[in-house]
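So the structure is just underneath, and the comments pick up after that.
Not measured: the values here are computed from a predicted model. One-based numbering, in listed order, for ligands and for the atoms of each.
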Amino acid sequence: MRAAFLSTDLPFAPWAAALKRHFPELDLRCWPDVGDRAAVEAALVWAPPPGALAALPGLRLIHVLGAGVDHVLADPDRPAGVPLVRLVDPAMTAAMGEYVQFQALRLHLQDLTYREQQGARAWRAQPQVIARQRRIGILGLGVLGSEAALRLEVLGFDVAGWSRRGRRVRGISCHHGADGLAAIAARSEILVCLLPLTPETENILDAALFAAMPRGAAIVNCGRGAHLAEADLLAALDSGQLSAAVLDVFRDEPLPPAHPFWRHPRVVVTPHVAAATNPDTAAPIVAAALRRFAEGKRVANLVVPARGY
Ligand code: NDP
Ligand code: OXD
């Protein structure tokens with residue numbers, strides 16, 4: 001099978017080496033040096049160069065080298081009938097779980113406030129809240145959101161989640177629909193976004209949602225930058241409606257040096273690292289999917305383009 005690696009972002013060499021170990025007979029080439037374009041059957045993509053997918057007339061499968069597929073669906077020239085598979089890697093799921101646990105504990109234990117107090121040499125105890133008194137909401141109860149919810153529940157937090165179709169997760173109070181979102185917002189002192197970016201979820205973290213949350217609540221955005229209405233967040237932090245935000249994803253990545261988030265005392269910035277794709281753990285998964293496809297077997301984790309994820 002000939003496959004093309006298409007990414008404006010990821011380096012080719014580590015993927016080529018890892019895939020060689022798990023699928024030695026795969027003829028993997030890096031765009032644009034793919035030889036006869038009509039001979040390319042599979043594309044391995046992350047932020048593919050615009051128009052590249054449309055230039056591969058023999059394409060039969062697109063495998064995204066990450067969990068989110070918004071960057072591929074946004075390509076107006078994507079060959080619409082070609083099946084699209086996304087990456088579900090247990091190592092990434094675990095990494096996201098750890099990130100959310102860490103950031104939730106940071107907010108729960110008022111780390112930002114104590115850092116500020118340390119800067120001012122202020123010895124001042126804040127009221128202590130224990131985990132089971134802390135209400136956390138998770139937007140998105142898919143592979144990553146449900147793992148994050150379960151890990152927060154293990155830490156003792158009072159966790160609720162929200163999904164499109166009303167998914168059930170053991171031990172988590174699950175909601176869906178507009179009423180469900182209102183219920184989650186009203187109860188969440190910490191609200192974690194692990195949604196895919198779709199037309200329905202864009203700007204979901206906005207002034208209306210913040211106003212519906214308890215005063216002094218905090219958000220953690222690990223979904224996509226376009227989930228967040230940035231000006232609304234800054235206004236909510238200024239007014240005290242929100243007390244903090246942990247942001248891993250941004251509309252513009254890298255976050256421009258002049259962006260106010262960098263120096264805001266109540267904003268934590270991490271550079272899109274909550275769950276990084278790792279060729280060493282992902283290559284066996286991608287190789288297995290390509291083999292199954294080559295053998296005419298059903299491939300898991302197919303994206304439903306009409307639904308956007
Ligand atoms: P999944 O597809 O497994 O889960 C998506 C979840 O979102 C599902 O529960 C789905 O509901 C819910 N959802 C989708 N649309 C809506 C909607 N309109 N209203 C309510 N709920 C909705 O995705 P993953 O968990 O694997 O990944 C989620 C996102 O995390 C990715 O799309 C990506 O943007 C981001 N990500 C970020 C990373 C980082 O490092 N920051 C790393 C990896 C991913 P239902 O269950 O009903 O279908
Ligand atoms: C992903 C990501 O979607 O890294 O995999 O954000």
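Ring planes of F12 and F5: tilted class, angle from 30 to 60°.
How far CZ of R164 is from NE2 of H176: 11.0 Å, rounded to the nearest 0.5 Å.
Here is the list of ligand 2 atoms found below 4.0 Å of a heavy atom in R224: 1 (C), 2 (C), 3 (O), 6 (O). Below 4.0 Å from some heavy atom of G66 lie the following atoms of ligand 2, by number and element: 5 (O). Annotation for ligand 2: atoms under 4.0 Å from non-hydrogen atoms of M92 are 5 (O). Within the listing of ligand 2, atoms 1 (C), 3 (O), 5 (O) sit less than 4.0 angstrom from a heavy atom of G68.
Ranking the protein heavy atoms by distance from atom 5 (O) of ligand 2 puts A67 N, 2.6 Å first. Shortest contact from atom 4 (O) of ligand 2 to any protein heavy atom: H272 NE2, 3.4 Å.
Q110 places a side-chain N or O within 3.5 Å of a backbone atom of P127 that can act as its donor or acceptor partner. W262 contributes a side-chain N or O that, together with a main-chain N or O of P256, makes up a donor-acceptor pair within less than 3.5 Å.
Annotation: cation-pi pair R60/F293 absent, no NZ/CZ under 6.0 Å from the ring centroid and within 45° of its normal.
By the neighbour-count criterion of 12 heavy atoms within 6.0 Å, atom CG of D179 is sparsely surrounded, having that number or fewer from other residues, nucleotides or ligands.
Residues H272 and R224 have side chains in contact (heavy-atom distance under 4.5 Å, counting atoms from C-beta outward).
Ligand 1 lies under 4.0 Å from heavy atoms of A67, G68, R86, M92, M96, G140, L141, G142, V143, L144, G145, W162, S163, R164, R165, R167, L194, L195, P196, E200, T201, C222, G223, R224, D248, V249, H272, A274, A275, Y309.
Each of V64, I285, N301 was compared with L87 under the side chain to side chain contact (heavy atoms under 4.5 Å, CB included) criterion, and only I285 meets it.
Checking Y309 against T201 by side-chain atom types alone, no donor-acceptor pair falls below 3.5 Å.
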